[in-house]
Every structure is written in C-alpha cells, then in structure tokens.
Amino acid sequence: MSDFITNKKRTHYCGTVCAADAGKEVILMGWAHRRRDHGGVIFVDLRDREGLVQIVFNPEISPDVHHEAHKIRSEFVLAVKGKVRKRPEGMENPHLKSGEIEVMVSELEIFNEARTPPFLLDGEADISENIRLKYRYLDLRRPELQKNLILRSYVAAEARHFLHDAGFIEVETPFLTKSTPEGARDYLVPSRINHGMFYALPQSPQLFKQLLMISGFDRYYQIVRCFRDEDLRADRQPEFTQIDIEMSFIAEDDIISIMEGLMAHIFKTCLGKTLNTPFPRLAYHDAIACYGRDNPDVRFGLKLQELTDILKDAEFKLFQEVISTGGLVKAIKIDAEHGKQISRKDLDGLKDFVGTYGAKGLAWARLQPEGWASPIFKFLKPAEVQQINEKMEAKDGDLILFLADTPKVVHDALGNLRNHLAKKLNLIEADQLAFVWVTEFPLMEYSDTEKRFMSTHHPFTSPVIEDMPLLKTDLGKIRARAYDLVLNGSEIGGGSIRIHRPDVQAMIFDALGLSQEEVRRKFGFFIDALEYGAPPHGGIAFGLDRLIMIMAGAESIRDVIAFPKTQKATCLLSEAPSTVEIGQLMELSLKIVS
RNA sequence: GGGGUCGUAGUUAAGCUGGUUAUAACGCCGGCCUGUCACGCCGGAGGGCGCGAGUUCGAGCCUCGUCGACCCCGCCA
C-alpha cells in the first residue's frame, strides 16, 4: 500500500488551508481540478469537498517530483506533501478562499489516473441534464451539488438533534407493507413466498405512526423515504424523504408551535437565519379567495379581487352566463410601473398561459389618462366601471386582468398567473422566507372522476367537532383539523389531528362511501387497533427535499438528491428500471402479458 | 394520456429563404514557456448533424414516424 495513507495521513482539507498555516508542512489528497504548466513551474488546483488550493511543482524543490507532475491531468487523484507558504507579493488570488497561500510540493503520489471527463467540472456547468445524470458521480463533484448535499446532511442532523431534545423517539417502520389503494398509486413488490401477493412500498408511514401512538410512544419521528408511483415534476420524485412526526395528547397549537421551533432551529443552525415566529395563519378559504391556491406565495401582492357582485347585472353576455351558472369574475391588478412592461403580445401569451388551466379567455383593461382602454369595458355601464375603479383602487397606468369562469378554473388560472407574473415582473425579493400555515381545509372534496367525496388529506383526519352535524347534510362544508406549512409558495409540510375514536372513524368511512367490508379489507388492522385505547393524537410530515430546495435556492428537486430519477422515472446512471431474468419472474410466478 | 421546448465534434452553441470540403469556443493531443489561476503562444486530431423513413437533382435545414432530456396540464388521499 501507498506510504501516503498508511504513514502519511492527510493533515488538512484543501479548502481549509489558510494563511495561518504558512510555514507548516501539510499532506493533502484530492483531485486535480486544473493544471497550468509553465514549462518550468507547474501549478495545479487541488480540489476536495472543502474547496481548492493551489499546489506548486518547482524543479528547484525536487526535479523528480516536477517530472512526475507533468503526467497530471484533469481529475487525477493525488496525494501531496509540501510546505504552505504565503504567495509572493501581488500573486494572491482573491477569488479563492485559500488564495493567499500555496503549497510547495516536495512529494507527490498519483493514486489514480482519470479518463478525460465528459464535461468540465468548473463552476456553472450548463450541461444537458441527460449527460449530467449519466455521469452523476462526476456531476456530484461539482461544488454546487456538494454544497446542497452537505446542507441536506446538516438539516437532517439538526432536525434529529432538535426532535431528540424535544423528547421524540425515532422509530423505523416497514418499507414492505400493505397496499392502500386510497391516494397515490403504489409501487408494488411481488412476494416470492406468497405467490400472487404483493407488498406495497409506503406512500408515507401514516398508519404505522398512528399505531406507535396507540402503542404509547407519545412522541415519534422518523426521517423516512416515501414512494409514490405518480408522474414527476420539477419538485416531485417517485421516492422522496419526509421528516415524519406524530404526537399524543396534543391539539393543533401544540404541534404548530413545536414545528415552528423546529423550523427556527433548522434555519438558525444551518443557514444562520432567524425566523419570526409564530408564523402567520391563513384559513384555506381565504387562501383560495385571495391567492387562488392552498399554497399561497405571500412574498408579493397581486391579490385576487372578486368582482362578481359588481358585474352580476352587466349587459355583457360572457359575464352573465358565467355568473348565472355559479361562476365568478375575479381580477388581478398590476401597478403602472410593472403594467407597462406588459405588451399586447404579452397579454396574448398570458391568455395562453391561463388556457392551460382551462380558462377560455383573459380580459384586460388599462387605465390611461383619457380613460380605460379595454376590449370589454364598452359592454359595461359607467356605474359598473366606477365600482371596479373603486374596488381595484385603480390609478393611472394600472393594468387589470379579468377572468370569468367556474370558481375552480378562476382560482386555478389566476393563482398560477399570479405566481407567473411575479416571476416575470421580478416582484420577489431574494432571500425572503415567507412561512404561512394554511388551516381549516375541507375534510372532503367531491371528485368528478370518482363520483364521490374523497378525503382532502386522508381518511384518518379528524373533522372539526362542531362541523360533525354536516356529515348528514353537507359533506363538502365539513372542516378538517388539518394544517399545511407553506414556504414561499411551496407546500413543505402538512398534517392533522387524527381521529382516535372508532365510532367517528366509522362515520367518516361511511361518508366516503367505503363499505364495511372494504374498510375491513384495507384497514382492518388499524380499525382493530383504534378499539384498544387510542390516545388523542396528531402529527405532521415535512417534505425534506422541497425544504432543502428552498434553503439551497435549487431550481430542481434533482439538485438536492444524490441519485435522482428522470421525468420518465428512470435512472440514467444505473439504467433502472430494467428487465429481469426469466428465472426471477418464474420464482415470483409472474408473467409479462404485453 | 395531452401540450410545449430541445437534440449538430468530448462539451456548449452557430449554421441565412434546402446548394460544393459542416463553423466557433472550451476541452483533448503534441511543442514552447519559472508566477499562473478561464495562464499564454504555435501546431494537430476529432463530428456528418439522436435514430428511421419520405419529398427533392440535392436535406443539418422541409414532411412523417420514433427515441431521449427538460417544463407544464391531467395525476400526486
């Protein structure tokens, strides 16, 4: 074995060698980031996870080592021994943390050569994602991704630290578990021992953590992988990580305040940022009314204003039709300064944008010195225009965008348009952290595809007690004891107080249209457990990946996961999924039918 | 399942209304250089345009199909 490693141990990480080390003998190990060969003297930037340091090969120090150094190419793996010295006057590199010093190498070992990498590992590598993912182990050498994953590690460690100190017990729950067809599509695992039967990978440890409450653990947490076989997005991967939490003998405010403490601790220790707690709260109904979505980005205005009442008698066919069939008219005002950045052509683009959310049109009006310029205002009475002016507090130059449609389409389209405009018009200040709790979710929502009411959260969410009578009359109006934590317009966590009484649980299953046999088949073990003394309990789960995305300022969830999947849920590095040997299928009594 | 953007040397891109030997930068290889740090200078190699059809005298440019990456809708209790 090499004398380096066995006898000569690494003394410093490259990025940590600094001016204070001048005069010291150091041993460094890392990758050749860049080489500058001047014929006489050779400079190499040596890189490890902590950063870069310039190492210098000078023939006057050792002709042999200098000769050997000629072989060094990008990404060769090196060990060097040498003396740290202050760089000569005027030769400092202010771009480098270790730029004041350099290491004069007296001994070199090339541990390993490297093929020329398929892409440069320098700075902002604007390389197509398929190449990056195929050579993920090289992409991960880039400082940006190293930084993200190191942050991720810190956050997980600090979360554990905080929760441990707060009396939470980390318990592992099974990955091979029972399929529960409610909710997302399951990843299935065939059972070899039980032919024709399948495990499912957990979408979340929901029932297990509730069972742990019944078992008396009182406070549980787990940083745990979850699996959902649904289509991917920029912030969605088929396997993702949750900080999963459950507590007994508590109510909403108990959980909310401890979780605010958790967030404050994580942001303080990992980013040095102080959060203002408690976080503001917003009822679901108000979130939808003002922001169009249940994960509002409250870093900017552009709130939705309702004009339905003002326009209900308007002699404009389109509005009349929409309003008389239960639809709404809502509008967003863009102030003059930003409104003028939006051209007629942009307006066409915005119309197409809302089209993707089912909106059939997008009307606009611009207040100009000579009055309103708008394709629709000619259909309105002066009194109506006047009321719109007042409601929107319109000033000269303002641009108003109107949408008339069903409530769902109006909120969907304008909610997304609002976010789109904020980005386009640069309305979001960097480094803002806008947390908001969204509360009072509906317990159930009617599903047009399933033709029945479905749980908004999951069927174990407790309804608000006073709303219980609505179980007989108006299922859509029952509020849930649920809460989501939203950060900068992204849902980073969600949870609820659970049902702990078997009779209440039975009523909810009944309202969801699940027969007793179905309930028994799907959740029998859990129903049984509820009957053996379940404490009042509730919990929450945070999406660790999304949280890290925001903390790291990452554009994509793939940038905070070491080995992510593509949008088609494949791994370009390992080439999973793949076909398997026929023998493996036979062992599982499986047959590919098409 | 649907909509959109993209696919040209190792990489990132350019390639005009289809027209001889397909450009550039970086990277790579060789040479020179004792103070560079996106080192510099000189020289060189490297692709036939994701793949497959078609239209045409002629296709990187047009058409169709197909594969892949990304973004979005649906989906994500």
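Below, chain A is the first sequence line, B the second, and so on; all start at residue 1. None of these values were measured; they are calculated from a predicted model.
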Chemist: Please verify the inter-ring angle class for His67(A) with His70(A); under 30° counts as parallel, over 60° as perpendicular, anything in between as tilted.
Modeler: perpendicular
Chemist: Anything under 3.5 Å between a protein N or O and an N or O of nucleotides 30-33 of chain B, put it in a table, one pair a line.
Modeler:
unit_1: rG30(B); atom_1: OP2; unit_2: Arg73(A); atom_2: NH2; d: 3.4
unit_1: rC33(B); atom_1: N3; unit_2: Asp37(A); atom_2: O; d: 3.2
unit_1: rC33(B); atom_1: N4; unit_2: Asp37(A); atom_2: O; d: 3.0
unit_1: rC33(B); atom_1: N4; unit_2: Gly39(A); atom_2: N; d: 3.3

Chemist: Mind calculating the distance between CD (Gln567(A)) and P (rG1(B)) to the nearest angstrom?
Modeler: 13 Å
Chemist: Would you say the rings of Phe441(A) and Tyr483(A) are close, in the sense that their centroids are separated by under 6.0 Å?
Modeler: no
Chemist: Remember a base hit wins even if backbone is also touched, and classify Asp229(A) as base, sugar-phosphate or nothing at under 4.0 Å, heavy atoms.
Modeler: nothing
Chemist: Just checking Arg34(A): base, sugar-phosphate only, or nothing, at a heavy-atom cut-off of under 4.0 Å?
Modeler: sugar-phosphate
Chemist: Are Arg228(A) and rA77(B) close enough that a side-chain N or O sits under 4.0 Å from OP1 or OP2?
Modeler: yes
Chemist: Below 6.0 angstrom between ring centroids: does that apply to Phe353(A) and His420(A)?
Modeler: yes
Chemist: Under 3.5 Å, is there a donor on one side chain and an acceptor on the other for Ser62(A) and Asp64(A)?
Modeler: no
Chemist: In the structure shown, which nucleotide is the Watson-Crick or G-U wobble counterpart of rC61(B), with both distances under 3.5 Å?
Modeler: none
Chemist: Is the ring centre of Phe119(A) under 5.5 Å from the base ring centre of rU11(B), and are the two planes under 30° apart, so that they stack?
Modeler: no
Chemist: Among rG27(B), rU36(B), rA77(B), which nucleotide sits nearest the side chain of Leu120(A)?
Modeler: rG27(B)
Chemist: Base, sugar-phosphate, or nothing for Thr456(A), non-hydrogen atoms under 4.0 angstrom?
Modeler: sugar-phosphate
Chemist: I need the residues from residues 82-89 of chain A with at least one non-hydrogen atom less than 4.0 Å from RNA chain B; give them sorted by number, or say none.
Modeler: Arg85(A), Arg87(A), Pro88(A)
Chemist: Taking atom P in both rU17(B) and rG7(B), what distance in whole Å separates the two?
Modeler: 16 Å
Chemist: Under 4.0 Å between any heavy atoms, over every strand shown, what does Ser204(A) touch: base, sugar-phosphate, or nothing? Just pick one.
Modeler: base
Chemist: Please give the distance between the P atoms of rG4(B) and rC76(B) as a whole number of Å.
Modeler: 24 Å
Chemist: Under 4.0 Å, counting only non-hydrogen atoms across every strand here, what does Gln203(A) touch: a base, just sugar-phosphate, or nothing?
Modeler: nothing
Chemist: Could you walk me through whether Arg558(A) and Glu129(A) pass side chain to side chain contact (heavy atoms under 4.5 Å, CB included), step by step?
Modeler: CA-CA 10 Å; Arg558(A) 294 180 300 280; Glu129(A) 198 133 359; 2.5 Å; yes
Chemist: How many whole angstroms separate atom CG of Leu417(A) from atom P of rC72(B)?
Modeler: 16 Å
Chemist: State the OG-CD distance between Ser98(A) and Gln54(A), to the nearest 0.5 angstrom.
Modeler: 8.5 Å
Chemist: Do Asn130(A) side-chain and rG7(B) base share a donor-acceptor contact under 3.5 Å?
Modeler: no
Chemist: With rounding to the closest Å, how many angstrom separate the P atoms on rA22(B) and rC41(B)?
Modeler: 27 Å
Chemist: With rounding to the closest Å, how many angstrom separate the P atoms on rG68(B) and rC51(B)?
Modeler: 15 Å
Chemist: Mind running side chain to side chain contact (heavy atoms under 4.5 Å, CB included) on Tyr135(A) and Leu573(A) for me, showing each step along the way?
Modeler: CA-CA 6 Å; Tyr135(A) 298 97; Leu573(A) 173 64; over 6 Å; no
Chemist: Within the 4.0 Å heavy-atom criterion, would you say Arg115(A) contacts the bases, only the backbone, or no part of the nucleic acid?
Modeler: nothing
Chemist: Are Phe227(A) and Phe240(A) near enough that their ring centres are under 6.0 Å apart?
Modeler: no
Chemist: To check you understand the geometry: which heavy-atom pair defines the closest contact between Ile499(A) and Arg501(A), and what is its length?
Modeler: CG2-O, 3.4 Å
Chemist: With respect to the phosphate group of rA69(B), does any side-chain polar atom (N or O) of Lys568(A) fall under 4.0 Å of OP1 or OP2?
Modeler: no
Chemist: C1' atom, rU21(B) versus rG48(B): distance in rounded Å?
Modeler: 12 Å
Chemist: In whole angstrom, what separates Leu232(A)'s CG from rC73(B)'s P?
Modeler: 13 Å
Chemist: Rounding to an integer number of Å, can you tell me how far Glu75(A) CD sits from rU11(B) P?
Modeler: 16 Å
Chemist: Look at the side chain of Asn416(A) and the backbone N and O of Asp412(A), then say whether any donor-acceptor pair between them is shorter than 3.5 Å.
Modeler: yes
Chemist: What distance, rounded to whole Å, do you find between the two C1' atoms, one in rC67(B) and one in rG50(B)?
Modeler: 8 Å
Chemist: Say we look at rG52(B) and rU8(B): how far apart would their P atoms be, to the nearest angstrom?
Modeler: 15 Å
Chemist: Please give me the minimum heavy-atom distance between Ile561(A) and Pro564(A), naming the atom from each residue.
Modeler: O-CD, 3.5 Å
Chemist: State which of rA69(B), rC76(B), rG27(B) makes the closest approach to the side chain of Glu129(A).
Modeler: rA69(B)
Chemist: Just checking Ile131(A): base, sugar-phosphate only, or nothing, at a heavy-atom cut-off of under 4.0 Å?
Modeler: sugar-phosphate
Chemist: Contact class for Glu92(A) vs. all strands (heavy atom < 4.0 Å): base, sugar-phosphate, or nothing?
Modeler: base
Chemist: C1' atom, rA25(B) versus rC32(B): distance in rounded Å?
Modeler: 23 Å
Chemist: Partner of rG47(B) by Watson-Crick or G-U wobble geometry, both contacts under 3.5 Å, or none?
Modeler: none
Chemist: Counting only Watson-Crick pairs (N1-N3 plus N6-O4 or O6-N4) and G-U wobbles (N1-O2, O6-N3), all under 3.5 Å, who is the partner of rA9(B)?
Modeler: none
Chemist: State the pairing partner of rG30(B); accept Watson-Crick or G-U wobble contacts with both distances under 3.5 Å, and report none otherwise.
Modeler: rC42(B)
Chemist: rC76(B) base to Arg236(A) side chain: any donor-acceptor pair below 3.5 Å?
Modeler: yes
Chemist: If I take atom CD1 from residue Ile557(A) and atom CD from residue Gln237(A), how far apart are they, to the nearest 0.5 angstrom?
Modeler: 5.5 Å
